[in-house]
Amino acid sequence: MGAKGFVEGGIASIIAGCSTHPLDLIKVRMQLQGENHAAPNPNHHIQLRPAFAFNSTTIAAPGGHLHIPPPPPKAGPVSVGLKIFQTEGVAGLFSGVSATVLRQTLYSTTRMGLYEVFKQKWSDPNSGTLPLGRKIAAGLIAGGIGAAVGNPADVAMVRMQADGRLPASQRRNYKSVVDAISQMAKQEGVTSLWRGSSLTVNRAMIVTASQLASYDQFKETILEKGLMKDGLGTHVTASFAAGFVASVASNPVDVIKTRVMNMRVEPGMAAPYSGALDCALKTVRAEGPMALYKGFIPTISRQGPFTVVLFVTLEQVRKILKDF
């Protein structure tokens, strides 16, 4: 059974990842909104101009007035999606999809397979059930190991997805996930491939524990209480509930992860964030605590369908492979 759990989980994850990739792209772009305004580049000089600019802050200063431009208006998921489509075309909505495939192959195959291994090892031999606490523990460990394996693909994916929002002169223009990983290793050192890995691991532990454990728990409860029979209806209901739990639990870590992975470190300059905690504090200070729930609508809009596609596909793949 060992290898079978990895194969089933991998197939389901790749299908779910590719089908919801545009939603993930929109989520990443939304999480980066407001970042440049919140953390100004120390190399940029603040403009001095007379105090009659509207919709902006003007502060009296010797020899003129400090002019602080207003933050750009926040765009919603639909307008972010439309803008990507208009400026970058349909292909733009799938930028970084090669990284998604690699990430799901490395990260999700590992976490789904390990979760099944732990579930079998830790299940009660008499009833065959696993208590919720153990399900959560299995998810935390499986998610953490999977994330450490998949982190280079994760960094590459965030950068490829964020590229289209940069001015043409600053774009990284990676041709593929392999090109992204090799360029990063060359230009920024091999350790850059594990940038934000503590966040990726934390997020994956939270997502895997909340997603896989809650799916199993919801499914068991529905079947025990006789609310529905074991079929598509049960799988969709349990997986949507699991997607909601995973979104609420993981969004703050996800915002910080996106920002740390995407930060541009100029040679000889201090990095915008010294680490995850620094990024979290600067984000909350500059944009308020709800900034940690930026991109929540696309997160739930992606995590919901992703979790539904993942588990519905997984249940079908299990049926097909049950005789092997």
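Hydrogens, waters and symmetry mates play no part in the numbers below; they use all other heavy atoms, side chains included. Positions are given from 1 along the sequence.
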Counting C-beta onward and ignoring hydrogens, is there a side-chain heavy-atom pair between [X] and [Y] closer than 4.5 Å?
{"X": "Thr234", "Y": "Leu223", "value": "yes"}
{"X": "Ile256", "Y": "Leu292", "value": "yes"}
{"X": "Val78", "Y": "Ile26", "value": "no"}

Can you tell me how far apart [atom1] ([X]) and [atom2] ([Y]) are? Round to the nearest 0.5 Å.
{"X": "Leu310", "Y": "Ile11", "atom1": "CG", "atom2": "CD1", "answer": "12.0 Å"}
{"X": "Thr237", "Y": "Ile222", "atom1": "OG1", "atom2": "CD1", "answer": "5.0 Å"}
{"X": "Leu212", "Y": "Gln217", "atom1": "CG", "atom2": "CD", "answer": "13.0 Å"}
{"X": "Lys121", "Y": "Leu114", "atom1": "NZ", "atom2": "CG", "answer": "10.5 Å"}
{"X": "Ile14", "Y": "Ser19", "atom1": "CD1", "atom2": "OG", "answer": "11.5 Å"}
{"X": "Leu132", "Y": "Thr221", "atom1": "CG", "atom2": "OG1", "answer": "9.0 Å"}

Original post:
ring pair (Phe, Tyr, Trp, His ring centres under 6.0 Å): which pairs involve residues 89-119, sequence neighbours left out?
Top reply: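 For residues 89-119: Phe118-Trp122.
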Original post:
Applying ring pair (Phe, Tyr, Trp, His ring centres under 6.0 Å), which residue pairs with at least one partner in residues 197-241 are found, sequence neighbours left out?
Top reply: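 Every pair satisfying ring pair (Phe, Tyr, Trp, His ring centres under 6.0 Å) with a residue in residues 197-241: Tyr215-Phe311.
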Would you say [X]'s side chain and [Y]'s backbone share a donor-acceptor pair under 3.5 angstrom?
{"X": "Thr20", "Y": "Leu23", "result": "no"}
{"X": "Asp154", "Y": "Gly150", "result": "no"}
{"X": "Thr109", "Y": "Leu106", "result": "no"}
{"X": "Ser98", "Y": "Val177", "result": "yes"}

**OP:** Verify the cluster assignment for Val101 and Met160: are they in a single hydrophobic cluster under the rule of side-chain heavy atoms below 4.5 Å apart?
**Re:**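 Val101 and Met160: separate clusters.
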**OP:** Give the C-alpha distance, both sets of side-chain angles, the deciding distance and a yes or no for salt bridge (Lys or Arg N to Asp or Glu O under 4.0 Å) between Glu287 and Lys294.
**Re:** CA-CA 10 Å; Glu287 302 163 62; Lys294 268 190 182 178; 2.4 Å; yes
Subject >> Passing option when Glu8 is tested against Lys319, Arg318, Lys322 for salt bridge (Lys or Arg N to Asp or Glu O under 4.0 Å) >> reply: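 Running salt bridge (Lys or Arg N to Asp or Glu O under 4.0 Å) over Lys319, Arg318, Lys322 with Glu8 returns exactly one hit, Arg318.
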Original post:
Passes side-chain contact (heavy atoms from CB on, under 4.5 Å), Met184 versus Arg159? Steps please.
Top reply: CA-CA 10 Å; Met184 281 171 65; Arg159 288 186 170 204; 3.5 Å; yes
**OP:** Report the C-alpha separation of Leu314 and Met112 in whole Å, then their side-chain angles, then the decisive distance to 0.1 Å, and conclude whether the side-chain contact (heavy atoms from CB on, under 4.5 Å) test is met.
**Re:** CA-CA 10 Å; Leu314 182 64; Met112 303 284 284; 3.8 Å; yes
Original post:
Any salt bridge between Glu188 and Arg195, counting N to O under 4.0 Å?
Top reply: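 Judged by the 4.0 Å cut-off on N to carboxylate O distance, Glu188 and Arg195 do form a salt bridge.
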Original post:
Taking 4.0 angstrom as the limit, do Glu88 and Arg171 come out as a salt bridge?
Top reply: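 No, Glu88 and Arg171 are not salt-bridged.
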Just to verify, what does [X] make a salt bridge (charged side-chain N to carboxylate O under 4.0 Å, His left out) with, not counting sequence neighbours?
{"X": "Asp278", "value": "Lys282"}
{"X": "Glu220", "value": "Lys135"}
{"X": "Lys219", "value": "Glu315"}

Subject >> Met205: which of Leu140, Ile141, Ile136, Val253 passes side chain to side chain contact (heavy atoms under 4.5 Å, CB included) >> reply: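 Going through Leu140, Ile141, Ile136, Val253 one by one, the side chain to side chain contact (heavy atoms under 4.5 Å, CB included) with Met205 is satisfied by Leu140 alone.
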**OP:** Step through the shown structure and confirm whether more than 12 heavy atoms of other residues, nucleotides or ligands are within 6.0 Å of CZ on Arg172.
**Re:**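 Enclosed: over 12 neighbouring heavy atoms sit under 6.0 Å from CZ of Arg172.
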Distance-only polar pair, side chains of [X] and [Y], donor-acceptor under 3.5 Å:
{"X": "Asn151", "Y": "Ser197", "answer": "no"}
{"X": "Thr208", "Y": "Arg111", "answer": "yes"}
{"X": "Gln211", "Y": "Gln303", "answer": "yes"}

Subject >> Pairwise salt bridge (Lys or Arg N to Asp or Glu O under 4.0 Å) hits with a residue in residues 227-240, at least two apart >> reply: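 Of all non-adjacent pairs touching residues 227-240, none passes salt bridge (Lys or Arg N to Asp or Glu O under 4.0 Å).
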**OP:** Kindly indicate, with the supporting measurements, whether the criterion side chain to side chain donor-acceptor pair (under 3.5 Å) is fulfilled by Asn251 and Thr299.
**Re:** CA-CA 7 Å; Asn251 204 90; Thr299 293; 2.7 Å; yes
